[in-house]
Amino acid sequence: MTLRPTVVEVVDGHRFRWLGRLGVRGLFDADHLFIVEPEGAAGSRLVQRGQVSGLLVPFLERSLDRGTLPAVQAMNAALKDRAERATAARG
(Lines give C-alpha, C1' and ligand atoms only; values in the text may rest on other atoms or scores of the structure.)
Protein backbone atom coordinates (compact mmCIF):
# COMPACT_ATOMS: atom_id res chain seq x y z
CA MET A 1 0.00 0.00 0.00
CA THR A 2 1.34 3.43 -0.89
CA LEU A 3 0.21 6.61 0.82
CA ARG A 4 1.15 10.05 -0.39
CA PRO A 5 1.17 11.95 2.90
CA THR A 6 0.62 15.64 3.37
CA VAL A 7 2.80 17.48 5.87
CA VAL A 8 0.47 19.31 8.25
CA GLU A 9 2.88 20.57 10.91
CA VAL A 10 6.55 21.47 11.10
CA VAL A 11 8.19 23.08 14.10
CA ASP A 12 11.84 23.29 13.06
CA GLY A 13 13.98 20.98 15.19
CA HIS A 14 11.04 19.93 17.39
CA ARG A 15 7.97 18.49 15.64
CA PHE A 16 6.96 17.01 12.31
CA ARG A 17 3.51 15.62 11.51
CA TRP A 18 2.00 14.14 8.39
CA LEU A 19 -1.38 12.75 7.40
CA GLY A 20 -1.79 10.04 4.79
CA ARG A 21 -4.93 8.71 3.22
CA LEU A 22 -5.78 5.78 1.00
CA GLY A 23 -8.46 7.01 -1.36
CA VAL A 24 -11.17 9.02 0.33
CA ARG A 25 -11.19 10.21 3.92
CA GLY A 26 -12.43 7.56 6.34
CA LEU A 27 -11.35 4.58 4.25
CA PHE A 28 -7.80 4.33 5.62
CA ASP A 29 -6.23 7.35 7.30
CA ALA A 30 -2.78 7.51 8.92
CA ASP A 31 -1.61 10.26 11.27
CA HIS A 32 2.10 10.26 12.17
CA LEU A 33 3.89 12.57 14.59
CA PHE A 34 7.61 12.87 15.26
CA ILE A 35 8.79 14.85 18.30
CA VAL A 36 12.41 15.62 19.19
CA GLU A 37 12.85 15.97 22.96
CA PRO A 38 16.01 17.23 24.68
CA GLU A 39 17.66 14.56 26.83
CA GLY A 40 20.54 15.47 29.09
CA ALA A 41 23.15 18.09 28.31
CA ALA A 42 23.96 17.04 24.75
CA GLY A 43 21.40 14.43 23.80
CA SER A 44 17.98 14.17 22.29
CA ARG A 45 15.27 11.58 21.93
CA LEU A 46 12.95 11.02 19.00
CA VAL A 47 9.40 10.06 19.89
CA GLN A 48 7.28 8.69 17.08
CA ARG A 49 3.55 8.19 17.32
CA GLY A 50 1.22 6.86 14.70
CA GLN A 51 -2.47 6.22 14.53
CA VAL A 52 -4.49 4.61 11.77
CA SER A 53 -8.24 4.77 11.41
CA GLY A 54 -10.93 4.07 8.87
CA LEU A 55 -13.19 1.37 7.51
CA LEU A 56 -10.35 -0.76 6.08
CA VAL A 57 -8.28 -0.94 9.29
CA PRO A 58 -9.85 -4.19 10.59
CA PHE A 59 -9.17 -5.85 7.24
CA LEU A 60 -5.59 -4.58 6.97
CA GLU A 61 -4.53 -5.12 10.60
CA ARG A 62 -2.49 -8.26 9.90
CA SER A 63 -0.79 -6.64 6.94
CA LEU A 64 0.11 -3.63 9.07
CA ASP A 65 1.62 -5.87 11.76
CA ARG A 66 3.58 -7.99 9.26
CA GLY A 67 4.62 -5.34 6.76
CA THR A 68 4.39 -1.86 8.20
CA LEU A 69 5.66 -2.53 11.73
CA PRO A 70 8.97 -4.11 10.60
CA ALA A 71 9.44 -1.25 8.10
CA VAL A 72 8.92 1.35 10.83
CA GLN A 73 11.34 -0.50 13.12
CA ALA A 74 13.95 -0.60 10.33
CA MET A 75 13.47 3.12 9.69
CA ASN A 76 13.91 3.85 13.40
CA ALA A 77 17.12 1.78 13.56
CA ALA A 78 18.54 3.51 10.46
CA LEU A 79 17.65 6.94 11.83
CA LYS A 80 19.27 6.12 15.18
CA ASP A 81 22.42 4.91 13.43
CA ARG A 82 22.60 8.01 11.25
CA ALA A 83 22.09 10.37 14.21
CA GLU A 84 24.74 8.57 16.27
CA ARG A 85 27.25 8.67 13.38
CA ALA A 86 26.62 12.39 12.86
CA THR A 87 27.12 13.05 16.57
CA ALA A 88 30.35 11.01 16.65
CA ALA A 89 31.68 12.87 13.59
CA ARG A 90 31.16 16.21 15.36
CA GLY A 91 33.27 14.92 18.25
Side-chain angles (χ1 to χ4, degrees):
M1 163 180 5
T2 300
L3 300 176
R4 295 194 181 354
T6 300
V7 175
V8 294
E9 180 182 15
V10 175
V11 179
D12 194 32
H14 298 286
R15 292 172 64 96
F16 174 77
R17 182 174 169 222
W18 63 259
L19 297 174
R21 178 169 292 135
L22 182 64
V24 297
R25 185 177 188 192
L27 196 56
F28 183 89
D29 303 321
D31 184 346
H32 289 265
L33 174 65
F34 301 84
I35 303 169
V36 177
E37 298 176 339
E39 191 170 88
S44 58
R45 172 184 150 141
L46 176 67
V47 177
Q48 180 185 170
R49 295 188 182 123
Q51 180 177 351
V52 294
S53 60
L55 296 172
L56 291 179
V57 171
F59 304 103
L60 297 173
E61 223 163 359
R62 269 196 199 157
S63 172
L64 293 171
D65 288 343
R66 276 184 283 155
T68 305
L69 184 58
V72 168
Q73 290 169 335
M75 180 194 72
N76 288 344
L79 182 59
K80 180 179 186 288
D81 181 58
R82 187 173 181 172
E84 288 173 347
R85 279 188 284 123
T87 301
R90 278 188 258 143

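All values below come from the heavy atoms of this structure, side chains included, with hydrogens, waters and symmetry mates left out.
In this structure, L79 and L46 approach most closely via the heavy-atom pair CD2-CD2, 3.1 Å. Pairing each heavy atom of E84 with each of K80, the nearest pair is OE2-NZ, 2.7 Å. Of all heavy-atom pairs spanning G13 and V36, the tightest one is O-CB, 3.7 Å.
Taken together through direct or relayed side-chain contacts under 4.5 Å among Ile, Leu, Val, Met, Phe, Trp and Tyr, F34 and V7 form part of one hydrophobic cluster. Taking hydrophobic clusters as Ile, Leu, Val, Met, Phe, Trp and Tyr residues chained together by side-chain heavy-atom distances below 4.5 Å, V24 shares a cluster with V57. L27 and L60 fall within the same hydrophobic cluster, defined by Ile, Leu, Val, Met, Phe, Trp and Tyr side-chain heavy atoms under 4.5 Å apart, directly or through other members.
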Q) Would R17 and D31 count as a side chain to side chain contact (heavy atoms under 4.5 Å, CB included) if you check the C-alpha gap in whole Å, the side-chain angles of each, and the deciding distance to 0.1 Å? A) CA-CA 7 Å; R17 182 174 169 222; D31 184 346; 2.8 Å; yes
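Side-chain contact check for R21 versus T6: every heavy-atom pair is 4.5 Å or farther apart.
By the 6.0 Å contact criterion, CD on Q73 is enclosed, its count of non-hydrogen atoms from other residues, nucleotides or ligands being greater than 12.
Taking the six-membered ring where the residue is Trp, H32 and W18 present parallel rings, their angle staying beneath 30° rather than reaching 60°.
To the nearest 0.5 Å, the span separating CZ on F16 from CG on L33 amounts to 10.0 Å.
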